[in-house]
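See structure below.
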Amino acid sequence: MDNKQRVQVVGNGVDDEMDHHCVESSERMEKQRLLVVGNGMVGHHFVEQLVAAGGLERFEVTVFGAEPDSAYDRVHLSEVFGGKAPEALRMADPAWYEVQGIALRLGAEVEVLDRDTRTLTLACGEQFGYDRLVLATGSVPFVPPIPGHQRAGCFVYRTLADLAAIRDACAGARSGVVIGGGLLGLEAANALRLLGLSTRVVEFAPRLMPVQLDESGGAVLRDKIRALGVKVLVEKATECIEDGEQARHRLRFKDGSHLETDVILFSAGIRPADGLARQAGLNIGERGGICIDDGCHSSDPAILAIGECALWQGRIFGLVAPGYQMARAAVASLCGGESRFAGADMSTKLKLMGVDVGSIGDAHASTAGAQELLLLDRVNGIYKKLVTDGEGSRLLGAILVGDGTDYERLLQYYQNGVALPQPPLSLLVGEAGGAPAPLVLPDSAILCSCHNVSKGAVVAAVKAGNHELAAVKSCTKAGTGCGGCGNLLKQVVEQTLEDLGVEADKGLCEHFAHSRQELYHLARVGELKSFEALRNKHGKGLGCDICRPTVASILASLWNEHVLEQPHRALQDSNDAFLANLQKDGTYSVVPRIPGGEITPDGLITIGEVARKYGLYTKITGGQRIDLFGARVDQLPAIWGELVAAGFETGQAYGKSVRTVKSCVGSTWCRYGVQDSMTLTQTLEHRYKGLRAPHKLKFAVSGCTRECAEAQSKDIGVIATERGWNLYVCGNGGMRPRHADLFATDLDEQTLIRYIDRLLMFYVRTGDRLQRTSVWMEGMEGGLDYLKSVIIEDRLGIGAELEAMMEGIVGSWQCEWKSTLADPDKLKLFEAFVNRPEDQTPPRREERGQWVPDIAVKAVV
């Protein structure tokens with residue numbers, strides 16, 4: 001052997017998640033060989049933690065993943081069927097491993113572990129030696145040995161490859177059945193539903209999610225899922241699977257009944273992927289799992305195991321957070337840290353087919369002397385149960401179905417042993433119908449179990465100057481795992497700011513002691529239509545470069561008057577002032593609207609002739625438009641005169657408004673298209689063009705789930721399905737990219753437009769200055785769920801009002817350039833060189849056949 005030691009991680013299971021805080025205790029200077037078998041969520045987390053702990057100074061690391069894909073988020077697999085790109089689930093690009101100096105071997109199945117020679121042998125015959133080995137092989141789906149379970153058309157639901165096979169099988173299918181009504185079973189049912197199949201769930205137990213829910217909770221969940229169109233059959237034992245008469249398969253049940261279906265998914269639980277450890281002779285539990293100690297060591301001190309393949313004190317932990325905790329403990333064992341695995345809380349909160357489900361601690365009241373407090377609202381489909389000790393002073397467990405808003409508070413009471421308010425039922429219904437008693441947590445309380453972030457760490461981050469929620473998340477990683485701690489994290493940040501005396505001032509600037517949202521409502525209620533009117537009534541002074549453009553945007557959003565009318569002209573920034581974007585050399589860009597990227601040959605010729613006539617640089621943008629760069633201020637009216645005469649409109653690239661609606665060609669041309677995305681794109685762009693908002697807005701429409709228009713990275717994204725349109729909201733690119741969230745599914749066009757109308761006007765009403773839709777939603781208490789309740793369920797009773805406001809905006813739209821060309825007073829604004837008739841074009845040079853600015857390029861450090 002050479003004198004470098006390697007640490008390798010083998011496997012690709014859900015539990016391949018480990019933290020990497022490594023400070024190797026060996027005094028030797030040579031690196032050890034560390035092999036990691038498994039590149040799933042836990043395995044990847046282990047590697048991340050190892051890097052963070054400086055472990056690469058001590059270990060030469062090789063990671064083996066059995067799948068061809070690098071680590072991805074399995075928790076959200078079903079979102080792929082809702083239109084999410086598989087790449088969006090990726091937890092790290094393979095290039096990240098390369099940058100770190102870590103060898104990543106994908107599609108590398110490890111077949112033999114030889115502990116005597118300390119070697120691994122891959123299926124291809126290649127061998128690797130190790131000094132330390134981490135097994136993060138995860139788990140495998142359990143398929144009951146039902147006769148016929150190996151038939152074609154029967155699948156498990158675990159990997160991206162499984163999803164691809166299921167999608168292909170569902171292409172020509174009408175119905176699907178999931179065998180298993182647990183967490184993963186309901187996720188699998190949602191996947192079939194999203195693929196358009198008539199879906200049924202078959203569960204052997206008398207209720208859904210029997211581990212997490214009691215009889216009443218299971219019944220409420222069953223009713224809500226049935227209401228979504230998924231049929232549920234409980235207490236059904238499948239005897240065999242055979243040929244069907246009306247469908248591909250027939251499931252025969254032991255009670256004599258049967259059920260026919262085209263596609264079958266098995267989701268009857270998991271089993272530890274411990275085959276490699278068994279073959280090597282490591283200690284294995286009676287029902288499977290690699291036996292580990294608190295440091296995650298197996299029976300061989302050179303081998304550690306983490307995640308769902310590991311058995312700690314007779315228990316397998318099938319959630320992501322415990323796997324992450326094991327990863328941290330394994331890194332500490334390798335590197336000399338103090339972290340040890342001491343078991344994990346299996347409390348969980350999920351949203352299954354849009355239904356909130358939460359289970360905390362001893363949900364079944366099995367503790368001696370436990371008491372139960374129940375709230376059952378069948379009208380609204382809500383069930384809540386608190387399990388307390390005999391005195392009602394400590395929370396032992398809880399169940400929530402249909403409303404998960406109390407989950408985070410209850411979890412903290414449970415995890416930290418906080419004394420319950422009296423009476424404890426006030427936690428669910430509030431005192432005399434009011435708000436629940438305030439929750440006071442010690443600094444040691446863990447807010448984020450995924451990344452082990454305490455309240456004290458969050459408070460310290462805020463006190464260190466991280467006053468924005470996004471900055472706290474970036475600094476501590478709290479809220480960046482499963483996201484379940486989001487609301488509580490926001491509360492702690494806000495409370496800390498209030499304690500520091502920072503939160504009090506919500507004023508826009510020194511001239512207005514009101515936020516943008518407050519100014520919007522003041523202008524709307526008072527029907528104030530100018531900066532002077534708003535300032536005289538609610539502000540002071542002359543204004544500044546913060547409040548003047550902000551008020552200009554508010555007035556445009558409310559009354560939609562031309563931004564260059566006399567009352568508004570002086571408020572505009574450099575772009576809106578000349579209806580064009582200012583460039584680095586002092587010239588401006590010209591961006592005509594090209595809805596959906598669709599343009600006639602004559603339109604293309606006109607743009608080309610204008611560009612050639614005025615010597616403009618041309619570029620096709622990512623938003624499917626053509627930008628023309630290099631126009632002087634005095635040239636803008638002439639250029640737009642020719643464009644308007646040819647039928648073009650302003651693209652409003654200069655405004656905080658709707659920029660573009662990007663599109664694929666949809667069913668008009670594409671053989672994969674299932675809806676006419678081009679027609680919908682035209683409808684949306686023409687409807688919302690010119691809407692002024694706190695920040696720029698971008699849309700996209702894809703004609704199928706292949707997602708060529710990249711709708712899921714936009715503020716408003718629409719993806720076609722066989723039954724209508726899926727709506728995604730609050731995504732964005734830019735410096736802080738964010739994937740859009742699925743908002744509603746299978747909408748008809750009328751409903752789709754109604755939801756977009758409401759959402760955009762609600763954003764315009766309540767968004768902060770220069771706040772993107774993504775930040776707006778993330779900062780909203782309740783986040784996506786609250787937004788759905790306002791827009792879809794009309795929780796605030798303002799739906800009709802928001803729609804009417806949007807109709808007013810749509811009805812008052814005008815092409816700002818066409819109106820400007822018809823107004824001599826506005827045209828005077830563009831007479832930049834009235835006393836200097838000579839050509840004032842900035843210096844230029846030719847590059848790739850076009851003129852570009854001839855100025856020094858400064859590096860930005």
Side-chain angles (χ1 to χ4, degrees), residues 6-25 31-65 70-73 90-94 96-104 132-138 292-297 303-310 312 317 319-342 344 446 448-454 457 473-482:
R6 304 174 192 159
V7 179
Q8 303 178 341
V9 180
V10 181
N12 201 30
V14 178
D15 344 343
D16 308 346
E17 329 161 22
M18 294 189 68
D19 304 356
H20 31 280
H21 310 306
C22 218
V23 188
E24 174 69 63
S25 59
K31 287 187 178 180
Q32 293 187 325
R33 297 170 297 178
L34 173 62
L35 304 184
V36 180
V37 182
N39 189 228
M41 295 178 72
V42 174
H44 173 69
H45 191 66
F46 167 80
V47 175
E48 281 189 320
Q49 297 299 312
L50 188 71
V51 171
L56 298 186
E57 296 178 3
R58 298 175 178 271
F59 293 108
E60 178 185 297
V61 182
T62 302
V63 179
F64 300 97
S70 58
Y72 55 89
D73 181 358
R90 180 183 289 170
M91 300 181 72
D93 193 286
W96 178 83
Y97 285 83
E98 185 177 355
V99 169
Q100 301 299 329
I102 299 170
L104 176 62
R132 305 298 294 274
L133 173 65
V134 175
L135 298 178
T137 48
I292 62 169
D293 62 14
D294 295 354
C296 294
H297 294 99
I303 302 175
L304 297 86
I306 56 174
E308 289 174 357
C309 68
W312 180 82
F317 296 85
L319 297 178
V320 170
Y324 283 0
Q325 292 174 31
M326 289 185 189
R328 287 188 283 271
V331 169
S333 293
L334 291 170
C335 305
E338 297 181 358
S339 179
R340 293 293 181 267
F341 185 71
I446 300 299
C448 176
S449 58
C450 287
H451 293 286
N452 199 35
V453 183
S454 68
K473 287 183 175 182
S474 176
C475 175
T476 65
K477 284 199 171 183
T480 63
C482 70

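These values consider heavy atoms only, across backbone and side chains, with no hydrogens, waters or symmetry-generated copies. The model shown is predicted, which means the values in this text are computed figures rather than measured ones.
Residues that satisfy the ring-ring contact (aromatic ring centres under 6.0 Å, His included) test with Y97, not counting sequence neighbours, are H44. Under the salt bridge (charged side-chain N to carboxylate O under 4.0 Å, His left out) criterion, D293 pairs with no residue, sequence neighbours left out. Residues satisfying the side-chain contact (heavy atoms from CB on, under 4.5 Å) criterion with S454, sequence neighbours excluded, are I446, A457. For Q100, the side-chain contact (heavy atoms from CB on, under 4.5 Å) partners two or more places apart in sequence, or in a different chain, are V51, L56, W96, I102. Residues meeting the salt bridge (charged side-chain N to carboxylate O under 4.0 Å, His left out) test with R340, sequence neighbours left out: none.
Taking 4.5 Å as the limit, some side-chain heavy atom of N39 sits within range of a side-chain heavy atom of S70. Taking 4.5 Å as the limit, some side-chain heavy atom of F317 sits within range of a side-chain heavy atom of M326. In this structure the side chain of V47 never reaches within 4.5 angstrom of the side chain of L104, judged on heavy atoms.
Aromatic ring orientation, W312 versus F341: perpendicular (interplanar angle above 60°, classes split at 30° and 60°).
The main-chain N or O of C309 is never found under 3.5 Å from a side-chain atom of T137 such that the two would form a donor-acceptor pair. Not one N or O on the side chain of D294 forms a donor-acceptor pair closer than 3.5 Å with the backbone of A342.
Nearest heavy-atom pair, A329 versus C296, reported as atom, atom and distance to 0.1 Å: CB-SG, 4.0 Å. Considering all non-hydrogen atoms of both residues, M41 and Y324 come closest at O-CE1, 3.7 Å. The shortest non-hydrogen separation linking K31 to E60 is CB-N, 4.1 Å.
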